[in-house]
Protein chains: 2
Amino acid sequence: MSALSRQRGLSRSTEDYLKTIYELETRDGAAQTSAIADALAVAPPSVSGMVKRLSDSGLLAHVPYRGVQLTQVGRRTAMRVLRRHRILEKYLTAKLGYDWDSVHEEAERLEHAVSDELIERMAMALGNPEFDPHGAPIPTKDGTVAVPEVTSLSEVPVGETAELRLVSDKDSELLRYLRSLGLRLGVVFEVVSRQPFRGPITIRFAAPPQDEEVVGYELAQSLGCVIRGDEVG
Amino acid sequence: MSALSRQRGLSRSTEDYLKTIYELETRDGAAQTSAIADALAVAPPSVSGMVKRLSDSGLLAHVPYRGVQLTQVGRRTAMRVLRRHRILEKYLTAKLGYDWDSVHEEAERLEHAVSDELIERMAMALGNPEFDPHGAPIPTKDGTVAVPEVTSLSEVPVGETAELRLVSDKDSELLRYLRSLGLRLGVVFEVVSRQPFRGPITIRFAAPPQDEEVVGYELAQSLGCVIRGDEVG
DNA sequence: TTCCATGTTTAGCCTTAACTAATAATATTG
DNA sequence: CAATATTATTAGTTAAGGCTAAACATGGAA
């Protein structure tokens, strides 16, 4: 049992595959071999090999040439890994002074080494948070997540006021850039203009200096917002 | 590069071997193949194989059939792992409510996954502690450790008053038992009697109820004490 | 409908790190 | 000092999890 990661008995790789497949599945509806390979930075044949092992152990269902789906067991495992990841991110930022652009990498390694006990202790110390530092919902202990109800900034109509609620934790360069623009979670702004043909979007912050900033369409697509008025909680 | 553990580029196994060899070297003067195998719960041929790899990478010097010694590089690496382990133990007990009998296992896994940055942040949050929860000195960032100046309880003369300063973190059963006897770090007691032929030792706690307890010789050997009067710091 | 691009899988190889069985070196003891 | 017991090493296997190169599906365009 060379690279096994403690009590759960699943290797680091196994956990990474399950987590990635879960994310692709919820984003794209299905997980293609090449998408998994891209996300994990491995070659496609490595994915085929692992998919074989994982479906042999009942963690996912594989239709050759068609893609992959998590089984019940696989999904539960993925959720546990995701919970560990997000609690870790929250803990590191809240208690140890990490910034939102540097936690991902650290959590990525720790999520395979921490025990469930440690995660629950951290969650307790944090008051059982519902969201990680990037706005992603933290799965509960029993494996349920709220699907976040957000609108891409790229789809917020001109004139509306919105609040930034969700960003991706993957690209730390991008996160640093967002921070430099003043785009932190919870910040409120109005959409001033939107150029056509997927052009840039201008926003004005609601808070005092009321600065304007221009963000590219691609970037705007990756920013999850809640429009003021559609607000639920 | 299957099971490599992040930036340092050393696998989990590699780090475990180096740490174990360091501990054996300082305890027994040298590290025998079979002692390493015992400590890591692997078969002796596995040790021979790893020793080959490690000495090929310049982390230790191996004289066949004679044993093994860390090189400068190997020792520095071992110290970094040990620092990570002990800071983790201290952090988990001080900040997350772990007891001294349950931290070892957790730290054993985490020590291979945490970054040096995280360890330094934890150390900072703890006020740069010098000792872990079992009394073991924490190596500094530059790789130096104080050799603890303690006497086995088994060698404290009758009539002397001593303070418990150091216990092994390895056996959690034992640690629970010690706690149940009231034998925590810093506790002060007098040696009331010592039976001959490696027989049991009776102590009386200095603190109010002044209970007496009897501990076996073997156990007493593993308890590091400082005799009151010999006290330095 | 055949052909081609794209994407997937198979075949075959490598490294790490474990194992067992067999052999070799060292230590102990009669 | 030889015989035996202990300890270490070599030989050969296994499983995970990567890789490249080659073969195989599938779906869109000619």
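With sequence neighbours excluded, the residues forming a side chain to side chain donor-acceptor pair (under 3.5 Å) with A:Lys19 are A:Glu108, A:Glu111, listed by chain and number. By the side chain to side chain donor-acceptor pair (under 3.5 Å) test, B:Asp142 pairs with B:Thr140, B:Thr144, sequence neighbours left out. With sequence neighbours left out, B:His104 forms a ring-ring contact (aromatic ring centres under 6.0 Å, His included) with B:His85.
Less than 4.0 Å separates DNA chain D from no heavy atom of any residue of residues 25-38 of chain A. Near-neighbour residues of DNA chain D inside residues 50-68 of chain A, defined by a heavy atom below 4.0 Å, number-ordered: A:Met50, A:Arg53, A:Tyr65, A:Arg66.
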Which atom pairs, one a donor and one an acceptor, fall under 3.5 Å between side chains of residues 29-49 of chain A and the rest of the protein, sequence neighbours left out?
| residue | atom | partner | partner atom | Å |
| --- | --- | --- | --- | --- |
| A:Ser46 | OG | A:Ala43 | O | 3.4 |

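In this model, the phosphate group of C:dT16 is not approached by any side-chain N or O of B:Ser11 to a distance below 4.0 Å at OP1 or OP2. Proximity of B:Ser46 to the phosphate of C:dC19: a side-chain N or O atom is located under 4.0 Å from OP1 or OP2. Applying the 4.0 Å criterion to OP1 and OP2 of C:dT10, one finds that A:Ser48 has every side-chain N and O outside that range. Within the 4.0 Å cut-off from OP1 or OP2 of D:dA16, not a single side-chain nitrogen or oxygen of A:Tyr17 is found.
If you check D:dT9, C:dT9, D:dG18 against the side chain of A:Pro45, the one that comes closest is C:dT9. With distances taken from any side-chain atom of B:Pro44 to the nucleotides D:dT9, C:dT9, D:dC19, the minimum falls on D:dT9.
Rounded to whole angstrom, the span from the CG atom of A:Leu10 across to the C1' atom of D:dA15 amounts to 16 Å.
Salt bridge B:Asp116/B:Lys141: absent, no basic N to carboxylate O contact under 4.0 Å. Using a 4.0 Å cut-off between a side-chain N of Lys or Arg and a carboxylate O of Asp or Glu, A:Arg75 and A:Glu25 qualify as a salt bridge. With respect to B:Asp169 and B:Arg86, no salt bridge is recorded, no charged nitrogen being found less than 4.0 Å from a carboxylate O.
Ring geometry for A:Tyr91 against B:Tyr91 counts as perpendicular: the plane angle is over 60°, on a 0 to 90° scale with 30° as the lower cut.
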